[in-house]
Visitor: 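Quick one: the structure is below, and I'll ask about it shortly.
These figures come from a predicted structure and were not determined experimentally. Sequence lines set the chain letters: A, B, ... in the order given, protein chains first and strands last, and positions in each chain run from 1.
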There are 4 protein chains.
Amino acid sequence: MPKISDEKRALRRLQILEAAWRCFQSQGLHATTMDDIIKSSKLSAGAVYSYFPSKEELILAAVTTSLGGLRERLEPILAARPPPPPAAFVEQAAEAVVHFTARQTYDLRRLALLGWSEAQRNERLRETMRDFYSGFRDRLADAAGSWKQDGLLRPDASPPDVAKALLAAMLGFVAQSALIGDVDPKDLARGVGDLIRARSDDAP
Amino acid sequence: MPKISDEKRALRRLQILEAAWRCFQSQGLHATTMDDIIKSSKLSAGAVYSYFPSKEELILAAVTTSLGGLRERLEPILAARPPPPPAAFVEQAAEAVVHFTARQTYDLRRLALLGWSEAQRNERLRETMRDFYSGFRDRLADAAGSWKQDGLLRPDASPPDVAKALLAAMLGFVAQSALIGDVDPKDLARGVGDLIRARSDDAP
Amino acid sequence: MPKISDEKRALRRLQILEAAWRCFQSQGLHATTMDDIIKSSKLSAGAVYSYFPSKEELILAAVTTSLGGLRERLEPILAARPPPPPAAFVEQAAEAVVHFTARQTYDLRRLALLGWSEAQRNERLRETMRDFYSGFRDRLADAAGSWKQDGLLRPDASPPDVAKALLAAMLGFVAQSALIGDVDPKDLARGVGDLIRARSDDAP
Amino acid sequence: MPKISDEKRALRRLQILEAAWRCFQSQGLHATTMDDIIKSSKLSAGAVYSYFPSKEELILAAVTTSLGGLRERLEPILAARPPPPPAAFVEQAAEAVVHFTARQTYDLRRLALLGWSEAQRNERLRETMRDFYSGFRDRLADAAGSWKQDGLLRPDASPPDVAKALLAAMLGFVAQSALIGDVDPKDLARGVGDLIRARSDDAP
DNA sequence: GATGAATGAGTCTTCATTCAT
DNA sequence: AATGAATGAAGACTCATTCAT
């Protein structure tokens with residue numbers, strides 16, 4: 001197995017994936033035909049099918065790869081110890097999502113919504129996403145545990161629930177910015193911060 | 001003078017809509033064929049098409065009607081003065097989403113994700129959703145204004161940003177519970193509450 | 001059987017026929033749906049079907065009735081004795097076609113082309129048309145016989161062939177004016193006249 | 001670099017066109033389903049659609065191609081100088097129509113009537129036909145001018161009107177032979193000749 | 001009788017996938 | 001290995017006709 005060939009293969013794969021991202025994002029998963037992707041990738045039908053055996057696999061790969069890229073971006077934020085306090089944390093994670101978008105030919109936020117929808121009827125995709133998001137949530141819970149330890153959260157705070165709230169904020173940021181479009185990470189962080197600075201005796 | 005009463009017409013319409021909800025939610029918007037809906041509605045193709053002129057219209061109606069029902073459920077929560085404090089507010093709104101779901105033959109959360117995805121490529125649906133969600137967010141901003149006035153939020157809090165954060169929490173609750181499935185309104189409220197009770201001097 | 005009812009029936013029939021003419025002429029025979037005709041006639045589906053048991057019958061009636069009207073218009077021209085000489089004859093007949101058109105809500109020429117086409121695949125229509133046109137041609141042969149007797153045509157002229165040529169001129173006038181649109185009866189008569197006045201020794 | 005040669009492509013195209021001609025002519029334009037043509041062409045639906053993007057295009061191509069073939073046949077007759085005298089001219093042109101028919105798998109006369117009818121509601125077809133027939137008529141007017149110059153027509157004859165009369169004779173020949181069926185080019189020529197030899201002082 | 005809602009077979013067209021060259 | 005022409009099952013939608021009210 002010559003090395004060049006492997007490299008070439010990886011390149012080709014990416015070429016197809018990028019074509020798929022472009023198409024999916026502008027037309028949606030189902031309205032995109034294999035022919036659209038084939039044309040956009042500048043390869044032949046046979047070539048594309050030799051890399052991805054079906055449209056479903058291609059969708060799965062497109063989403064999985066995308067999620068993998070995001071995970072890499074998120075990693076340093078999640079790994080920081082001590083973690084940045086909640087509002088800053090949310091802002092940094094939202095920035096990662098936005099920057100990831102800007103860097104590539106595709107918009108992660110729109111692709112995410114497509115993936116969520118598809119996950120409703122695609123078992124494998126659902127599992128992939130569940131793993132990704134619950135893995136992320138576990139890391140958030142770790143961060144919350146750390147905040148609690150540092151006294152940033154009260155002793156009776158529930159890190160898993162804080163993680164749920166923070167994941168909701170993140171997912172909701174993605175949805176909101178794809179659907180309405182006028183939210184940026186700073187807005188979100190400010191809103192979260194304002195809530196954190198609220199008079200706590202009225203919070204049940 | 002129609003041979004069929006307005007009442008009956010409305011009933012038939014609902015019959016089709018319920019069939020559509022059932023199908024959409026179990027198979028997704030595009031994987032559902034008109035024939036699935038026709039069979040499920042126990043009507044003929046022609047009859048279905050006399051109520052909804054195309055699949056696209058049917059999708060639009062299914063989503064719009066659903067959103068309308070949710071709006072009604074949310075109304076009393078949004079209209080309460082003074083509004084319940086943030087965490088309670090979020091809990092009640094999330095409860096409305098969950099209860100709405102339980103009451104009908106369909107799961108609003110799953111349908112919502114399908115709608116978000118479809119809105120990426122359907123202009124009219126996108127507008128409908130943008131109107132709905134930004135209308136909802138405006139009401140959230142009103143509530144935030146009220147909290148500020150009552151001293152629940154600090155004088156320098158930004159109600160629009162708080163609204164963005166709260167909408168994100170709501171949308172994210174929907175996504176998270178459709179994707180992972182183990183969140184309930186109380187978890188969310190507790191997490192939000194824990195954040196609110198956080199030591200604010202570390203919130204930037 | 002009350003007389004009013006019969007009159008009313010005839011009126012209704014005509015009302016439907018006129019609707020059919022309008023639709024056929026603007027959309028063609030097959031692109032016109034029964035619903036178009038029903039709407040245009042201001043009657044109900046059931047009512048229309050009580051007058052004409054199928055679309056095919058309606059087409060047949062529309063064409064037959066139309067042809068009947070034309071026959072009446074043509075009759076005096078065909079019955080004149082001695083008949084007008086060839087060019088004048090052609091002009092008068094063409095005028096009858098054109099005037100017939102102007103008098104009604106429909107354009108006989110366009111309807112004729114639709115009928116010719118339909119006659120290719122509708123046995124009954126084909127027979128109706130064949131009867132009509134060959135009956136007309138027989139009358140033209142009579143006129144040609146008369147011209148021959150009067151010395152207008154040479155003694156060796158063939159009245160049946162002259163009739164074929166004249167029928168061709170008439171049918172061709174209809175087709176040409178529907179397809180190109182810039183022919184009027186006077187043009188046709190002048191052209192025919194110019195040919196008749198040609199130097200006959202070069203005609204084989 | 002296509003896997004299939006241009007030659008083969010042209011052959012396949014013709015294969016489909018011939019299937020379409022067969023079907024159209026026996027069932028009419030609208031009663032012919034794409035499936036009829038697909039079956040008759042021995043190709044698959046997808047293959048047929050890769051050559052003709054819609055039924056309408058196929059109809060247009062069937063008619064246009066057919067007209068093109070006729071034009072070639074007519075060309076030498078129109079190009080002869082001096083042109084044959086009127087009756088001979090008409091006979092030769094009618095022969096061309098008849099022979100064209102015999103040579104192929106289709107009957108040009110029947111197809112022509114279908115095309116005329118369709119042209120009523122199809123803009124592009126109407127233009128194609130108008131161009132074809134008025135182009136042909138222009139050539140007829142040239143011939144008439146030549147006859148006039150040669151003294152075959154009187155000095156006051158109107159070549160454009162003579163062309164209209166001759167085009168009418170040709171179109172009418174097509175219609176008459178499709179509708180009644182007992183006319184041949186010789187009959188037509190004889191009838192025209194008899195008219196030309198008529199006593200001209202009675203022609204207005 | 002009259003109405004018009006309902007029926008459902010039939011149409012055109014698309015598109016994921018294959019396989020001969 | 002690569003190509004892209006071909007396949008054909010499946011989908012959205014229409015419309016002549018019927019029949020319950």
Side-chain angles (χ1 to χ4, degrees), chain A residues 5 8-9 12 30-39 42-59, chain B residues 1-5 8-9 12 16 30-39 41-59, chain C residues 5 8-9 12 30-39 42-59, chain D residues 1-5 8-9 12 16 30-39 41-59:
Chain A
S5 176
K8 220 170 190 171
R9 272 198 79 79
R12 279 277 170 86
H30 285 90
T32 292
T33 68
M34 284 303 284
D35 201 53
D36 291 333
I37 297 172
I38 288 160
K39 291 270 165 53
K42 314 270 187 193
L43 292 173
S44 68
V48 169
Y49 270 86
S50 80
Y51 288 84
F52 299 96
S54 70
K55 189 179 178 184
E56 194 187 319
E57 292 299 323
L58 187 42
I59 288 175
Chain B
M1 58 197 76
K3 195 69 163 297
I4 202 174
S5 66
K8 206 160 190 175
R9 268 199 82 79
R12 276 259 196 282
I16 296 167
H30 285 93
T32 292
T33 70
M34 283 305 284
D35 204 53
D36 291 335
I37 297 173
I38 287 159
K39 291 268 166 53
S41 73
K42 312 273 184 195
L43 289 173
S44 67
V48 169
Y49 273 89
S50 82
Y51 285 85
F52 299 95
S54 68
K55 189 180 178 183
E56 192 186 320
E57 290 300 320
L58 186 45
I59 289 176
Chain C
S5 176
K8 220 169 189 171
R9 273 197 78 79
R12 281 275 170 86
H30 285 91
T32 292
T33 68
M34 284 303 285
D35 200 54
D36 291 333
I37 298 172
I38 287 159
K39 291 270 165 51
K42 314 267 185 195
L43 292 172
S44 68
V48 169
Y49 270 86
S50 80
Y51 287 85
F52 299 96
S54 71
K55 189 181 178 183
E56 193 188 321
E57 292 298 323
L58 187 44
I59 288 176
Chain D
M1 56 199 79
K3 194 68 161 300
I4 203 174
S5 66
K8 206 158 190 177
R9 267 200 82 79
R12 276 260 195 282
I16 296 167
H30 286 91
T32 292
T33 68
M34 283 305 285
D35 204 53
D36 292 334
I37 298 172
I38 288 159
K39 292 266 166 54
S41 73
K42 311 274 184 191
L43 290 172
S44 68
V48 169
Y49 271 88
S50 82
Y51 286 85
F52 299 97
S54 69
K55 188 179 180 184
E56 193 187 319
E57 291 300 320
L58 186 45
I59 289 176

Visitor: When the nearest nucleotide of DNA chain E is assigned to D/T33 and to C/R12 on a heavy-atom basis, which residue is associated with the more 5' position?
Guide: C/R12
Visitor: So how far is it from D/K55 NZ to D/L58 CG, rounded to the nearest 0.5 Å?
Guide: 9.0 Å
Visitor: Round to a whole Å and report the spacing from CD of D/E56 to C1' of E/dT13.
Guide: 14 Å
Visitor: Rounding to an integer number of Å, can you tell me how far D/I38 CD1 sits from E/dG10 C1'?
Guide: 14 Å
Visitor: Return the set of residues passing side-chain contact (heavy atoms from CB on, under 4.5 Å) with A/E57 (not counting sequence neighbours), or none when no residue passes.
Guide: A/P53, A/S54, A/L60, A/R124
Visitor: Find the distance B/H30:NE2 to E/dC15:C1' and express it as a whole number of Å.
Guide: 14 Å
Visitor: What's the separation between atom CD1 in D/I38 and atom CD1 in D/I16, rounded to the nearest 0.5 Å?
Guide: 9.0 Å
Visitor: Is D/R9 touching bases, backbone alone, or none of the nucleic acid, heavy atoms closer than 4.0 Å?
Guide: nothing
Visitor: Taking NZ from B/K39 and P from F/dG11, how many angstroms apart are they, rounded to a whole number?
Guide: 10 Å
Visitor: Out of F/dA16, E/dA16, F/dC13, which has the shortest distance to the side chain of C/M34?
Guide: F/dA16
Visitor: In this structure, how many angstroms lie between the C1' atom of F/dC13 and the CD atom of B/E57, rounded?
Guide: 14 Å
Visitor: If you pin B/S54 and C/T32 to their nearest nucleotides in DNA chain F, which one's is more 5'?
Guide: B/S54
Visitor: Apply side-chain hydrogen bond (donor to acceptor under 3.5 Å, both in side chains) to D/K39 and list each qualifying residue two or more places apart in sequence or on a separate chain.
Guide: D/D35
Visitor: Without placing hydrogens or testing angles, list every side-chain donor-acceptor pair under 3.5 Å for residues 42-51 of chain D, not counting sequence neighbours.
Guide:
{"residue": "D/S44", "atom": "OG", "partner": "D/A47", "partner atom": "N", "Å": "3.2"}
{"residue": "D/S50", "atom": "OG", "partner": "D/A47", "partner atom": "O", "Å": "2.8"}

Visitor: Could you tell me how far apart C/D35 (CG) and F/dC13 (P) are, to the nearest whole angstrom?
Guide: 18 Å
Visitor: If pairs are Watson-Crick or G-U with both distances under 3.5 Å, what is the dot-bracket string of DNA chain F, marking crossing pairs with [ ] and pairs to another strand with |?
Guide: .||||||||||||||||||||
Visitor: Contact list please: residues 43-52 of chain C against DNA chain F, heavy atoms, distance less than 4.0 Å, in numerical order.
Guide: C/A45, C/Y49
Visitor: Please state how far atom CG in B/L58 lies from atom P in F/dG11, giving the value in whole angstrom units.
Guide: 16 Å
Visitor: Starting at the 5' end of DNA chain E and moving along, which residue's nearest nucleotide shows up first, A/P53 or D/K8?
Guide: A/P53
Visitor: Take atom NZ of A/K55 and atom P of E/dT14, then tell me their distance rounded to the nearest Å.
Guide: 15 Å
